[in-house]
Amino acid sequence: VSYVFFPGCSLEGTARDFGISTEAVARALGLELPELPDWICCGATPAHQSDPLLATALPAKNLLAAGGKTVAVACAACYSRLKAANHEIAADPAVRKKVAQVVGADYDGQTPVRHLLEILVRDLGTARIAEGVVRPLAGLKVVCYYGCLLARPPEVTQFDDAENPTLMDQVMSAAGATVIDWPHKTECCGGSYSVTDVDIVLMLTRDVLSMARLAGADCIVTACPLCQINLDMRQRDVADKYGDFFDLPVFYFTQLLGLAMGLTPKALRLASLVVDPTALLAARGIVPGPAAPAAVALSGKAHT
Amino acid sequence: VAARADVRPHELVRLVQLGQRDAVLAARTIWECISCQTCITRCPQKVDIAAMNDALRRLSLAAGKVHPKTTVPVFNDIFLNTVRSRGRMFEMGLMTRYKLRTGKLLADIGKLPMMLRKGKLALLGPRVAGKAERKQMFQRARQAGGTNK
């Protein structure tokens, strides 16, 4: 399969670390993800709340530009909008006709759209991922958080089981992590309401964070820029409002997979995370801890 | 979110069936629905609450009945304007304009230095070619019955 990559706006802004770690992991796996030239915003939530036709036309314009190649997506929100456009255009000739008028060209709704997790598990396969793992995340207890938009509605996204998706769990298992089953995989974090009505986000993220801690997780793994920033950056606000600081690092799955593949914290932009994961990763022996530099120096001497 | 709603989802559906136009369009709950798609995924009758709320939002805007406490239409408006002119989102620009239009100048302002330090905010906005073409797209969507401003 040959792919074109649709990064989406967040991967150039608040989720730059997701974008950079995605590129780094793809390179390490030999997965070619050339960027779709001149891609435009998928319209996200504001488009489908304001103008359903525009909300379908914006993704259609991008999918048409892919020229029949498979569109690879990392952002769950872009993925959802591209899939929804395909679904609506393929299902209803009247929609297809209206969208053609808006875009200025006919689009049949048939450009394949794949999330990076689907590509890793279904196209590459977990065996190939496991082969690339040089530093297994042994002892790191993770919960995988999928949020809303990857798995719902299942008729539209056809991603995985809508109530119990496992694609990210499989990737994390291949990376050597201890994957904990938990009931909040597909709860909602509140998405863009972080700007317009933050109390909703604090209420919802607190539920997710509480359950992650109850489940015994060291950290949360995400596949969506909105999930990540809400769970990570709002932890301090949750503490201020509810008096409970969780101190749970919240990674993108590409960052943890990259660590397992031997990439450096810098190459994966771990410094962009708000809840600092360094102590946790050092305690599990995944990155060098405070005492480790001396050990490295000693072993270096032993070799010379 | 349904738990804190002024009108809960099943009540909203019933009000729509009963033709209680004003009560529905003035409800805050239609602006609090986060489109998580859980309703339609679990409903055996496939009642699409999120799509219903999208439609009710547009009717509420058109009728001038938007609940005074919500800022969602302002956010949506600025977001789509940014996409039309730049082609992609520009978070710094979006937040600045949102703050100016809503008067929420200080919300999250303390996070700004951290976000800049951690490389979470691009300082320069993106510019994708094809602005004239995008403007036409937005206009044609409006002409075909769309409701972008």
Side-chain angles (χ1 to χ4, degrees), chain A residues 8-10 12-17 38-41 43-55 57-58 61 80 98 101-104 147-149 151-154 156 162-163 186-200 203-204 229 233 237 269 271-274, chain B residues 1 4 31-32 34-38 40-42 48 51 53-55 57-58 61 70-77 79-80 82-83 86-92 94-95 98 107-108 111 114-115 118-122 126 128-130 133-134 136-138 140-142 144-149:
Chain A
C9 308
S10 293
E12 297 192 331
T14 46
R16 248 173 75 82
D17 46 340
D38 285 338
W39 58 269
I40 57 171
C41 175
T45 304
H48 78 72
Q49 286 191 350
S50 325
D51 187 337
L53 187 52
L54 188 67
L58 289 170
K61 189 171 163 53
S80 156
K98 272 194 173 181
Q101 283 167 4
V102 174
V103 176
C148 305
L149 298 173
R152 281 195 299 263
V156 174
E163 301 290 352
T186 61
E187 292 295 303
C188 180
C189 73
S192 63
Y193 280 67
S194 202
V195 178
T196 48
D197 200 340
V198 72
D199 284 342
I200 290 181
M203 176 179 82
L204 296 176
I229 201 166
M233 199 179 78
D237 302 312
R269 293 295 189 277
S272 289
L273 303 177
V274 179
Chain B
V1 178
R4 55 166 257 175
W31 300 101
E32 290 182 331
I34 44 190
S35 310
C36 71
Q37 313 284 344
T38 306
I40 185 173
T41 300
R42 293 186 183 162
D48 194 344
N53 283 329
D54 279 351
R57 288 183 184 107
R58 294 191 292 276
L61 263 173
T70 183
T71 58
V72 171
V74 175
F75 178 80
N76 289 349
D77 194 29
F79 189 104
L80 290 179
T82 308
V83 175
R86 294 179 176 273
R88 292 175 196 168
M89 186 35 46
F90 174 40
E91 287 143 341
M92 277 281 261
L94 172 80
M95 288 314 296
Y98 173 82
D108 285 331
K111 297 207 189 302
M114 175 274 287
M115 291 184 79
K118 290 188 172 288
K120 287 182 179 294
L121 288 171
V128 188
E133 195 196 337
R134 276 195 303 278
Q136 283 175 0
M137 253 182 85
F138 277 66
R140 286 196 296 260
R142 264 197 310 277
T147 41
N148 74 85
K149 278 206 258 179

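In what follows, chains carry the letters A, B, and so on, assigned in the order in which the sequence lines appear, proteins first and then strands, with residues in each chain numbered from 1.
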Pairs of heavy atoms under 4.5 Å with chain A: top-ranked of [options]:
options	value
B:Asp48, B:Thr82, B:Asp108	B:Asp108
B:Thr70, B:Thr38, B:Leu121	B:Thr38
B:Arg88, B:Lys120, B:Arg140	B:Arg88
B:Ser35, B:Pro126, B:Cys36	B:Cys36

Given side chains that start at C-beta, do those of [X] and [Y] come closer than 4.5 Å, heavy atoms only?
X	Y	answer
B:Met115	A:Ile229	yes
A:Glu163	B:Thr41	yes
B:Met89	A:Ser10	no

Give, as side chain, backbone, both or neither, the part of [X] having an atom under 4.5 angstrom from any heavy atom of chain A.
X	value
B:Phe138	both
B:Val72	both
B:Arg86	neither

Backbone of [Y] reached by a side-chain donor or acceptor of [X] within 3.5 Å:
X	Y	value
B:Lys118	A:Leu273	yes
A:Gln49	B:Asn76	no
B:Arg58	A:Asp51	no

- Item | Spacing of A:Tyr193 atom OH and B:Glu32 atom CD [to the nearest 0.5 Å] | 7.5 Å
- Quick one: CG on A:Leu54 to CE on B:Met137, what's the gap to the nearest 0.5 Å? 6.0 Å
Need one label for [X]: side chain, backbone, both or neither, based on atoms under 4.5 Å from any heavy atom in chain B.
X	value
A:Leu149	side chain
A:Val274	both
A:Ala57	both
A:Asp197	side chain

- Go through the steps for A:Ser192 and B:Phe79 under the test side chain to side chain contact (heavy atoms under 4.5 Å, CB included), then give the verdict. CA-CA 11 Å; A:Ser192 63; B:Phe79 189 104; over 6 Å; no
What heavy-atom pair brings [X] and [Y] nearest, and what distance separates the two atoms?
X	Y	answer
A:Pro153	B:Ile40	CB-CG2, 4.3 Å
A:Gly190	B:Ile34	O-CG2, 4.0 Å
B:Phe75	A:Thr196	CB-CG2, 3.5 Å
B:Leu80	A:Pro46	CD1-O, 3.9 Å

Between chain B and each of [options], count heavy-atom pairs under 4.5 Å; write down the option with the most.
options	answer
A:Lys98, A:Met233, A:Arg16, A:Met203	A:Met233
A:Gly43, A:Cys9, A:Ser50, A:Ala55	A:Ser50
A:Gly147, A:Gly104, A:Cys148, A:Ser194	A:Cys148

- Given side chain to side chain contact (heavy atoms under 4.5 Å, CB included), test B:Gln37 with A:Val156 step by step and report yes or no. CA-CA 11 Å; B:Gln37 313 284 344; A:Val156 174; over 6 Å; no
- Residues B:Glu133, A:Ile40; criterion side chain to side chain contact (heavy atoms under 4.5 Å, CB included); working and verdict: CA-CA 12 Å; B:Glu133 195 196 337; A:Ile40 57 171; over 6 Å; no
